[in-house]
Amino acid sequence: MKNFYITTTLPYVNADPHIGFALEIIQADAIARYQRLLGREVIFNTGTDEHGLKIHRKAEEQGMSTQEYCDMYAARFDGLKTLLNLSYTHFIRTTDAHHKAAAQEFWNRCMESGDIYKKNYQVKYCVGCELEKTDSELEDGKCPLHPKNEIELIDEENYFFRFSAYQEKLLKLYDENPRFVLPTHRLEEIRNFVKGGLQDFSISRIKEKMPWGVPVPGDDDHVMYVWFDALVNYISTLGWPEGEANFQENWPGIQVAGKDNLRQQSAMWQAMLMSAGLPNSEQIFIHGFITSEGQKMSKSLGNVVSPKEIVEEFGIDAVRFYLLGALPAYDDGDFSRERFQEYYTAHLVNGVGNLTSRILTMLEKYADGKVPKQAQDIFGIQEFWVNYKSNMEKFAFDEVVKETNTLVGKCDGIISEQKPWEKVKNGEDISDLLYQLAECLAHIGGALYPIIPQSAQRILGAFGLDAQEMNIENIKSGILQGGESATKGEILFARLD
RNA sequence: CGCGGGAUAGAGCAAUUGGCAGCUCGCCGGGCCCAUAACCCGGAGGUUCUCGGUUCAAGUCCGAGUCCCGCAACCA
């Protein structure tokens, strides 16, 4: 069986990790962990995109060599692994020697296909900024920072990629794979874009003006434009082109990206793959953006949410739980402190956390800290997993969390209804109920593992179970055998002040 | 008529093929004492953006309009 391969986009190292990227990589992590629970071997890739003019300039500003600058940022991004408790297996940097060689090989293949050619290209240049400008950076055809200066048009020769040749092929790809891009409205969006006609895009820059890039094979005067080299990371990280066997075992994979990346991932990169004679990606999942207190995040508004700060304040799992559960998986969502605290208290403290205490305490008090003998499931556990899996396959993390919360509520409801404490006083046997509750809690622990790994492991650990050894492929009631000792540990989720 | 998304309770969101407008949080009242002042039950709160149409029946379908948010290409 082919390995499961998932990758994030590579963040550009011109700023510290953004909460939006934290969302993306946590989503990918949840999927990766879920697939491991299914028993699959998982390749999970992330890394850093390190070429381009902006980075070169930024390094200059800070008085560092470009490589030093990149090293510093790459380390900072790799630090997310610990900060967010991520399980990625590959971390690629586009300045890695192997990646650069792969990008050059990719270029050669596209060249052989006849899809790369040289063309005159007019760069719009603002003398005030001494920078190239794109149309969307201009207001009324002028640089907003230097409106008095006319924009100069500078002719230069660039290499172009024959994107226009791939319109029909891309449309066919979308038609044949109705779930190629999720959510489906994003597929519609890209389909419309492609239908509207494609223009070839520039894939190189003059080295003299922009030295920080992968050299174009056979032309010392040019370096690759960052996009072209960065996209190749999805396969260079797998060892392409050398490790053909390894590559075949892993490619194609699932790519997680933000909505700003829809075109690059689901059209440009796909056309590039076709040109190089390689299989297309398996699926692209597009997530939305996070607003801050209802507004677009921006440095000037001072409302940028730092993943580091909120993790330090609330803990990893609280942050993961909010990002995956409280934000709509397919659309933009809002981060607000108030809502964050509300959500945390309602579902983690009062929900899962409190239920765990209730059940474990009852096992201690009424069953000598031992799971009673097996009894028939009363919580619809099998059906729960069916929904769980179907939601995970659709990246509907919010639904996954909602279903899990509902199961927690069911347990609370049954406890209130059955009043085990009363039955004990009356000398009735409650061991069946205690087993059912313990069993259900163990399933809740398994279900939450991809979402909040640490806390979920603590739930499972109370019964001596280990998430690493769990397999949910054919899971049904009965993962507790009866007789396990159940130990109530520390409180799972501390109440906020 | 550039493309796409959206407008439903105070907030955030749901409503298979048209079929009693629901969920979470918050608010009010009651219950319980296993639990992290947690949990359970009940209640208040809606002209589903507007106008018109189709239908026994419209949040859902059709037409017109208003308002919000992205994107509009080589910006990583």
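Order of the sequence lines fixes the chain letters, A, B, ..., with proteins taken first and strands second; residue numbering starts at 1 for each chain. When reading the values below, keep in mind they use all heavy atoms of this one structure, side chains included, and skip hydrogens, waters and symmetry mates. Predicted, not measured: the structure shown is a model, and the values here were computed from it.
Residue His51(A) is out of contact with every strand shown, counting any heavy-atom pair closer than 4.0 Å. Within 4.0 Å (heavy atoms only), Lys423(A) reaches no atom of the nucleic acid at all. Counting non-hydrogen atoms under 4.0 angstrom, Ala346(A) reaches the backbone sugars and phosphates but no base. Gly52(A) comes within 4.0 angstrom of no nucleic acid atom, judged by non-hydrogen atoms across all strands. Residue Leu360(A) is classed as having no contact, given no heavy-atom separation below 4.0 Å to the nucleic acid. Residue Gly351(A) is out of contact with every strand shown, counting any heavy-atom pair closer than 4.0 Å. Residue Arg495(A) is in base contact, counting any heavy-atom pair closer than 4.0 Å across all strands shown. Contact annotation for Phe493(A): base contact, defined as any heavy-atom pair under 4.0 Å involving a base atom. Within the 4.0 angstrom heavy-atom criterion, no nucleotide atom of any strand lies near Asp398(A). Leu198(A) comes within 4.0 angstrom of a base, heavy atoms only.
Nucleotide rC34(B) holds its C1' atom 20 Å from the OH atom of Tyr435(A), rounded to whole Å. Rounded to whole angstrom, the span from the CD1 atom of Ile290(A) across to the P atom of rC69(B) amounts to 19 Å. Protein atom CD of Gln270(A) is 21 Å distant from nucleotide atom P of rA73(B), rounded to whole Å. rA76(B) atom C1' lies 13 Å from atom CZ of Phe21(A), rounded to whole Å. As rounded to whole Å, 13 Å separates atom C1' of rC3(B) from atom NE2 of His185(A). The CG-P distance, from Asp331(A) to rC69(B), rounds to 16 Å in whole Å. Taking atom CZ of residue Arg186(A) and atom P of nucleotide rG5(B), one finds them 9 Å apart after rounding to whole Å. When rounded to the nearest whole Å, the span between NZ of Lys119(A) and P of rC74(B) equals 13 Å.
Nucleotide rC71(B) forms a Watson-Crick or G-U wobble pair with rG2(B), both donor-acceptor distances falling under 3.5 Å. Checking rC39(B) for Watson-Crick or G-U wobble geometry (two distances, each under 3.5 Å) identifies rG31(B) as its partner. Pair assignment for rG22(B): rC13(B), on the basis of Watson-Crick or G-U wobble contacts that are both within less than 3.5 Å. Across all strands shown, rU50(B) is found opposite rA64(B) as a Watson-Crick or G-U wobble partner, with both distances under 3.5 Å.
The aromatic rings of Tyr69(A) and Tyr73(A) sit tilted, their planes meeting at an angle between 30° and 60°. Between Tyr343(A) and Tyr322(A), the ring-plane angle classifies as perpendicular under the 30° and 60° cut-offs. Ring geometry for Tyr159(A) against His222(A) counts as perpendicular: the plane angle is over 60°, on a 0 to 90° scale with 30° as the lower cut. A perpendicular orientation is assigned to the rings of Phe493(A) and Tyr344(A), their planes being inclined by more than 60° (bins at 30° and 60°). Classified by interplanar angle (parallel below 30°, tilted 30° to 60°, perpendicular above 60°), the ring pair Phe77(A)/Phe21(A) is perpendicular. Ring orientation note: the planes of Phe228(A) and Phe161(A) are tilted relative to one another, at an angle of 30° to 60°.
Nearest to the side chain of Asn192(A), among rC3(B), rC34(B), rG5(B), sits rC3(B). Of the listed nucleotides (rC71(B), rC40(B), rC74(B)), rC74(B) has the atom at the smallest distance from the side chain of Arg205(A). When distances run from any side-chain atom of Trp227(A) to the nucleotides rA35(B), rU36(B), rA76(B), the shortest one goes to rA76(B). Of all nucleotides listed (rG12(B), rG70(B), rC32(B)), rC32(B) comes nearest to the side chain of Trp421(A). With rG70(B), rC34(B), rA38(B) as the choices, the nucleotide that has an atom nearest any side-chain atom of Met362(A) turns out to be rC34(B). Of the listed nucleotides (rA35(B), rC13(B), rA76(B)), rA35(B) has the atom at the smallest distance from the side chain of Asn354(A). In this structure, the nucleotide among rA35(B), rC13(B), rG70(B) sitting nearest to the side chain of Lys259(A) is rG70(B). Listed nucleotides: rA73(B), rG4(B), rA76(B). Nearest to the side chain of Glu189(A): rG4(B). Nearest nucleotide to the Glu422(A) side chain, out of rG4(B), rC33(B), rC39(B): rC33(B). Distance from the side chain of Ser202(A) is smallest for rC74(B) among the nucleotides rA35(B), rC74(B), rG5(B).
Within the model, atoms OG1 of Thr48(A) and CG of Leu10(A) stand 7.0 Å from one another, a figure rounded to the nearest 0.5 Å. Considering SG of Cys411(A) and CG of Leu355(A), their distance stands at 5.0 Å, rounded to 0.5 Å.
Look at the P atom in both rC27(B) and rC68(B): the space between them is 33 Å, to the nearest Å. Of the P atoms belonging to rA57(B) and rG18(B), the separation is 15 Å, rounded to the nearest Å. When the P atom is used for both rG4(B) and rA72(B), the distance is 15 Å, rounded to whole Å.
Both Glu342(A) and Asp412(A) lie near RNA chain B, and the one whose nearest nucleotide falls closer to the 5' end is Glu342(A). When each of Gly409(A) and Phe163(A) is assigned the nucleotide of RNA chain B with its nearest heavy atom, Gly409(A) is the one assigned upstream, toward the 5' end.
Look at Lys402(A) and you won't find any side-chain N or O under 4.0 angstrom from OP1 or OP2 of rC13(B). Look at Lys419(A) and you won't find any side-chain N or O under 4.0 angstrom from OP1 or OP2 of rC40(B). The side chain of Arg358(A) contributes no N or O atom lying less than 4.0 Å from OP1 or OP2 of rU36(B). A sub-4.0 Å separation between OP1 or OP2 of rA38(B) and a side-chain N or O of Asn350(A) is absent.
If you check distances only, the side chain of Asn261(A) does reach the base of rA76(B) with a donor-acceptor pair under 3.5 Å.
Salt-bridge check for Glu188(A) with Arg191(A): passed, with a basic side-chain N closer than 4.0 Å to an acidic carboxylate O.
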